[in-house]
Amino acid sequence: MRFSQAFIPTVKEVPKDAVDASHILLLRGGYIRMIGSGIYEMLPLGQRVLRKITHILREELDASGAQEVLMPALLPASYFQETGRWDVYGDVLMRLKDRRGGDYHLGPTHEEIITDMIRREVKSYRQLPQMLYQVQMKYRDEPRPRAGLLRCREFLMKDAYSFDTDIEAARGSYETMRETYKRIFDRLGLDYRVVEADSGSIGGDTSAEFQVLAQSGEDAIVACTNCDYAANVEVAEAKLDEGGEVDLSKTPERELVETPGAKTIEQVVAFFQKRDESFSAKRTIKSLLYAHGPEDSPTFAMALVRGDHDVNEIKLARFLGVDEVRLASDQEVGRVLRCKAGYVGPITQEEATFDGRVVADSSVAALADAVCGAAKTQYHYEHVALGRDFEAEVTPLRQVVAGDRCTECGGVLEAYRGIEGGHIFILGTHYSSKMNATFLGEDGEAQPIVMGCYGIGVTRLMAAAIEQHHDDDGIQWPMSIAPFEAVVLALGKDDEVKEEAKQIYDRLVEAGVQTLFDDRDERPGVKFKDADLIGIPIRVTLGRRTLDQGQAEMKLRSGGDAELYPIGDIVAQVTRVIGEADS
RNA sequence: CGGGGCGUAGCGCAGUUUGGUAGCGCGCACGGUUCGGGACCGUGAGGUCGGAGGUUCAAAUCCUCUCGCCCCGACCA
């Protein structure tokens, strides 16, 4: 492609509304444009990258035995109504009506549709297993689209679904996909971790996320420095804090202390540090009132963690045996405990009795002499201990943090931020039983098909790759997904230089190298800046000076110095670099 | 949904406090000089000031309503 004829509208200034590196660079490099909140156009460069990514996806999925299909994006409501997700999905579903008033929506994911496709055709165990996938736009009315392509309302996704006769076979499909995904993410040139994750509202029990490591990631994950264990902090486990008998013999009697204005752990610590400089949040108990169940008559439970820890709400909900919990409002705290939020504690005052469940993290059980809220506005207790001053059910309840010990091997856990690039699930019979997708087994009995589903956010990965591979000047694409493998710069207006550069370009194209030829009537600086911004991995530069020596220059966008080669060797050098990147 | 911010030329912004003929930089067009890291000089085109209503002799500026976008949080296969 000749740059002079290409539609690559690069921009010098940073667009006002972009904050994240990938968003800024995709906009500046002329890859994408926004036409509405969370809705983007793919310009030629962007579309080329997308095609590179989907090409890799298709190659690996086809090789694993999966077959590509294409389902509609526009869906009649009846399918989601069948499984209840028409209601469960709430505002996230992009809903619309046809001219007759019939309910429709745009597909946020396609479990129901593919299950219907299968149930209509599959009658016998002989027709299983099946693994189907598609690459298609998905629609979600996100509460808050953000960061360009990282969280959109319309986004390209590869979704795959497996159908097996029993759970063992389904596990096999899941493992196959897990390995396929690893090959895909490796080929995309991404630094990632496969982590244990929450299955969320899609249902099912076993799932893993493919997290692309990046500072700007929305997800917090931990990974063991010693073994393979890695998990989203939503579900991460850590070795329990040293249990054993807590020695209470030296713990003084509980004492009510007036702590004016000390509503946060920070303020409480500051207050007690006035008397004892060594006092820290590790000696406090943070008490939080949670609500669950119906909004109009919720049930309350109290969660206790050490002051320097955070409650893991997913663990709390699971322990309580409910779908989800939410923090009680200030009004609810006042009604239930007769004190203000900030002074909540497990030991209630006589004017209020708390009859809900009290759940404490195991680290709280290890405290022999702690400070906690007194459930009385402006007061805290000091010298309290679980088992002596109050009772609670003890369970791992807190969010795992860096420095915690791995449950598998005892190694130290490290914290990362990650971008969820892929998610694989074993769904079991969650959808097939609701939708009556059954087959006849060898014994002639009808039974529900066992399913799995596997997603990869294609547009999101395009942005994630940039979050991971860029510098101040622009993008540094991995070779496998770069819009072009090489760019040839012809410097100056010199016709001879231009002609020679054109010949290098022609020979590269002939050698099968995807090449962009910057033949524009621009000053050298502009061409260098654009080449860096767009991020093409290999840059070949020809100027008057190098031409006079019969040489051209090759430089890698990823770093290193520019090297001069005889013009006749340039093609071989470029193909060598591409070959090395492939292996 | 809660909190904060922003809508003025294609892009980035000033002008709004204190109403009085809409400006700057980049980009764009033309001419000239320049040509290995986003050149310089000159000339020029380009704006319903997000939209609607109101106050006023007069509104980008004041008032009311409304739409859109961004950030933090809540939320999120």
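Protein chains get the first letters and strands the later ones, always in sequence-line order, with residue 1 at the start of each.
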Nucleotide nearest [X] when distance is taken to its side chain, options [options]:
X	options	answer
A:Glu13	B:rC13, B:rG38, B:rC11	B:rC11
A:Pro524	B:rC70, B:rG27, B:rC35	B:rC35
A:Arg523	B:rC35, B:rG38, B:rC6	B:rC35
A:Val526	B:rA39, B:rC13, B:rC76	B:rA39
A:Val19	B:rC71, B:rG38, B:rG37	B:rC71
A:Arg146	B:rG36, B:rG12, B:rG73	B:rG73
A:Arg153	B:rG36, B:rG37, B:rC69	B:rC69
A:Glu142	B:rC69, B:rG36, B:rC76	B:rC76

Give the rounded distance in Å between these two atoms: [atom1] of [X] and [atom2] of [N].
X	N	atom1	atom2	answer
A:Asp471	B:rG37	CG	P	18 Å
A:Leu491	B:rG38	CG	C1'	14 Å
A:Asp495	B:rC35	CG	C1'	14 Å
A:Asp17	B:rG5	CG	C1'	11 Å
A:Lys555	B:rG36	NZ	P	18 Å
A:Phe155	B:rC76	CZ	P	15 Å
A:Met34	B:rC11	CE	C1'	14 Å
A:Arg28	B:rG12	CZ	C1'	12 Å

- Item | C1' spacing across the pair B:rA59 / B:rG10, given as an integer number of angstrom |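 Each nucleotide's C1' atom is 27 Å from the other's.
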Opposite nucleotide pairing with [N], Watson-Crick or G-U, both atom distances under 3.5 Å:
N	answer
B:rU34	none
B:rC28	B:rG44
B:rA52	B:rU64
B:rG23	B:rC13
B:rC69	B:rG5
B:rA74	none

Using a heavy-atom cut-off of 4.0 Å across all strands, would you classify [X] as base, sugar-phosphate, or nothing?
X	answer
A:Ala147	sugar-phosphate
A:Val92	nothing
A:Arg33	nothing
A:Asp159	nothing
A:Lys493	base
A:Glu553	base
A:Leu489	nothing

Polar side-chain atom of [X] near backbone of [Y] as donor-acceptor pair, under 3.5 Å:
X	Y	value
A:Gln134	A:Met71	yes
A:Gln468	A:Leu213	yes
A:Gln476	A:Arg557	yes
A:Lys527	A:Ala490	yes
A:Asp494	A:Glu496	yes

- Flag yes if more than 12 heavy atoms outside A:Gln81 fall under 6.0 Å of its CD atom; otherwise flag no.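 Atom CD in A:Gln81 is crowded, with more than 12 foreign heavy atoms closer than 6.0 Å.
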- Message: Looking only at the side chains, is there a donor atom on one of A:Thr83 and A:Tyr431 sitting less than 3.5 Å from an acceptor on the other?
- Response: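 No, no side-chain donor-acceptor contact under 3.5 Å.
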- Message: Here's a test of your reading of the structure: between A:Ala18 and A:Asp530, which maps to the more 5' nucleotide of RNA chain B?
- Response: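 The residue mapped nearer the 5' terminus is A:Asp530.
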- Find which nucleotide of RNA chain B each of A:Val14 and A:Arg544 is nearest to by heavy atoms, and output the residue with the more 5' nucleotide.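 On the 5' side of the pair lies A:Val14.
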- Message: Side-chain N or O of A:Lys12 versus OP1/OP2 of B:rG27: is the shortest distance under 4.0 Å?
- Response: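 It does, given that an N or O in the side chain of A:Lys12 lies less than 4.0 Å from OP1 or OP2 of B:rG27.
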- Message: Can you see if the side chain of A:Thr546 gets near the phosphate of B:rG36 - specifically, an N or O under 4.0 Å from OP1 or OP2?
- Response: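 For B:rG36, neither OP1 nor OP2 has a side-chain N or O of A:Thr546 closer than 4.0 Å.
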